[in-house]
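One structure below.
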Amino acid sequence: MTEFKNPESCLIIGAGPAGYTAAIYAARAALQPILLAGPQPGGQLMITNEVENYPGFPEGIMGPEMMELFRKQAERFGTRILYETVTEVDFSDPKAHKITTDGGRTLWAQTVIVCTGASAKWLGLESEQRLNGRGVSACAVCDGFFFRGQEVAIVGGGDTACEEAHYLSKLCTRVHMLVRSDKFRASKIMEQRVRNTPNIVIHTNTETLEVLGQEAVEGVRILHKDRGEERILPVTGFFVAIGHKPNTDFLKPWLRLDENGYVFTRPDSTATDVPGVFVAGDAQDKVYRQAVTAAGTGCMAALEAERYLAALGH
Ligand code: NDP
């Protein structure tokens, strides 16, 4: 039996800066987009404290508040938002891409804009997994409050680790930053900020061997690699801030991904090898990964989807 397909013009997967921006543009172009919000509507900015670098907010803005504004703007122009997560896609029919959700829904669309972003990476230690949610966290802004007045550690030397260490330093008695090499990856201004904070202790050339504790974090065993010296830090909170992995596993059968899972798009474009499928934001950007660049590529994807549909006589 032939499946009944009544394809939507434009389906957007993901509700971060890229997804909402694509929705604003697609809705204003009368494409009547449907946006599937996924497991974390608002994306990574929902677990961010203050955003100071998004143009137009000279005093800064809280991440969740900013995403609420994005959502309202997308809805104002008629975007229909479904709070479901895409579990599977089938891009075998270029006229009607098939999308299945965890709500048991099947949708077809002429154009699909993938804006699924990225998720936090973990070290891969057994103890880290076992104590996840019991003192181990990948989000200082979400969980830092539970450790006020306590001593904590954070792994990573990028901007995220610096930002989160600084945030934790205001709540905790002492913050140990565990940086695996002898240098930070963070921007100079962020590095200076942590270096100038008296209760942040920086450990370079340091590897995390084990998070200690059975029911809750009771310490962390680290190795100072240059001295070959093992040490236990008496922390009750252990934060991981070592970067992110793009949420693209479900696209593997259909789109070309690089070895880290980022989707390949054509140069200066969000188009993929599949006609009518576009990718924007952190799912395809391993270089810039900013809210503003994600929004920029979301805009590009919607414009490209509009042009693609126009060429089909939409
Ligand atoms: P990054 O990839 O920039 O940094 C990851 C850090 O984690 C590096 O120090 C890296 O070490 C370390 N690391 C990676 N894997 C491991 C591991 N297995 N064990 C120990 N350490 C590890 O990620 P971020 O999340 O910090 O930043 C992502 C992007 O977002 C960047 O472009 C950043 O500039 C931006 N950003 C900007 C902010 C702002 O402007 N306010 C705030 C937060 C992020 P190594 O260097 O040795 O690889």
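In listed order, ligands and their atoms are each counted from 1. None of the values given here were measured: they were computed from a predicted structure.
- Nearest residue to atom 15 (N) of ligand 1 from M190, R180, K183 is R180 (criterion: closest heavy atom).
- A salt bridge is absent between E304 and R307; no separation between the charged side-chain nitrogens and carboxylate oxygens falls under 4.0 Å.
- Put simply, part of Q290 is less than 4.0 Å from ligand 1, judged by heavy atoms.
- Looking only at heavy atoms of the protein, atom 42 (C) of ligand 1 is closest to E163 OE2, 3.5 Å.
- Note on K98 versus D93: no salt bridge recorded, every NZ/NE/NH1/NH2 to OD/OE distance being 4.0 Å or above.
- In terms of protein heavy-atom proximity, atom 34 (O) of ligand 1 is nearest to D159 OD2, 2.5 Å.
- The salt bridge (charged side-chain N to carboxylate O under 4.0 Å, His left out) contacts involving residues 118-137 comprise E126-R130, R134-E215, where partners must be two or more places apart or lie in separate chains.
- Geometric assessment of R148 against the ring of F146 yields a negative cation-pi assignment under the 6.0 Å and 45° thresholds.
- The 12-atom threshold is not exceeded at CD of Q32, counting heavy atoms of other residues, nucleotides or ligands nearer than 6.0 Å.
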Next on the checklist: Let's go through F239 and F147 carefully: what are the C-alpha distance in whole Å and the side-chain angles of both, what is the deciding distance for ring pair (Phe, Tyr, Trp, His ring centres under 6.0 Å) to 0.1 Å, and is it a yes or a no?
Outcome noted: CA-CA 11 Å; F239 292 87; F147 302 94; 5.5 Å; yes
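- When R289, K286, E52 are ranked by how near their heavy atoms come to atom 28 (C) of ligand 1, first place goes to R289.
- Here the heavy atom of the protein found nearest to atom 9 (O) of ligand 1 is G157 N, 2.9 Å.
- The single protein non-hydrogen atom nearest to atom 44 (C) of ligand 1 is T160 OG1, 3.3 Å, given as residue, atom name and distance.
- Looking at G158, S187, G243, it is G243 that brings a heavy atom closest to atom 23 (O) of ligand 1.
- Contacts between V155 and ligand 1 below 4.0 angstrom, taking non-hydrogen atoms only, involve the side chain exclusively.
- With salt bridges taken as basic N to acidic carboxylate O contacts below 4.0 Å, none links R180 and E207.
- Among I242, D282, L125, N53, the residue whose heavy atom lies nearest to atom 22 (C) of ligand 1 is I242.
- Annotation for ligand 1: atoms under 4.0 Å from non-hydrogen atoms of Y288 are 32 (O).
- For V179, no heavy-atom contact with ligand 1 is shorter than 4.0 Å.
- For atom 19 (N) of ligand 1, the closest non-hydrogen atom of the protein is L123 CD2, 3.3 Å.
- Side-chain atoms of R266 come within 3.5 Å of backbone N or O of T272 as a donor-acceptor pair.
- Ligand 1 has no atom lying under 4.0 Å from any heavy atom of F184.
- Looking at ligand 1, you won't find any N or O of G156 less than 3.5 Å from one of its N or O atoms.
- Atom 10 (C) of ligand 1 has R185 NE, 4.0 Å as its closest protein atom, hydrogens excluded (heavy atom only).
- Applying the side-chain hydrogen bond (donor to acceptor under 3.5 Å, both in side chains) definition to pairs two or more places apart or across chains, none involves residues 52-67.
- The closest donor-acceptor contact from the side chain of D159 to the backbone of S187 lies under 3.5 Å.
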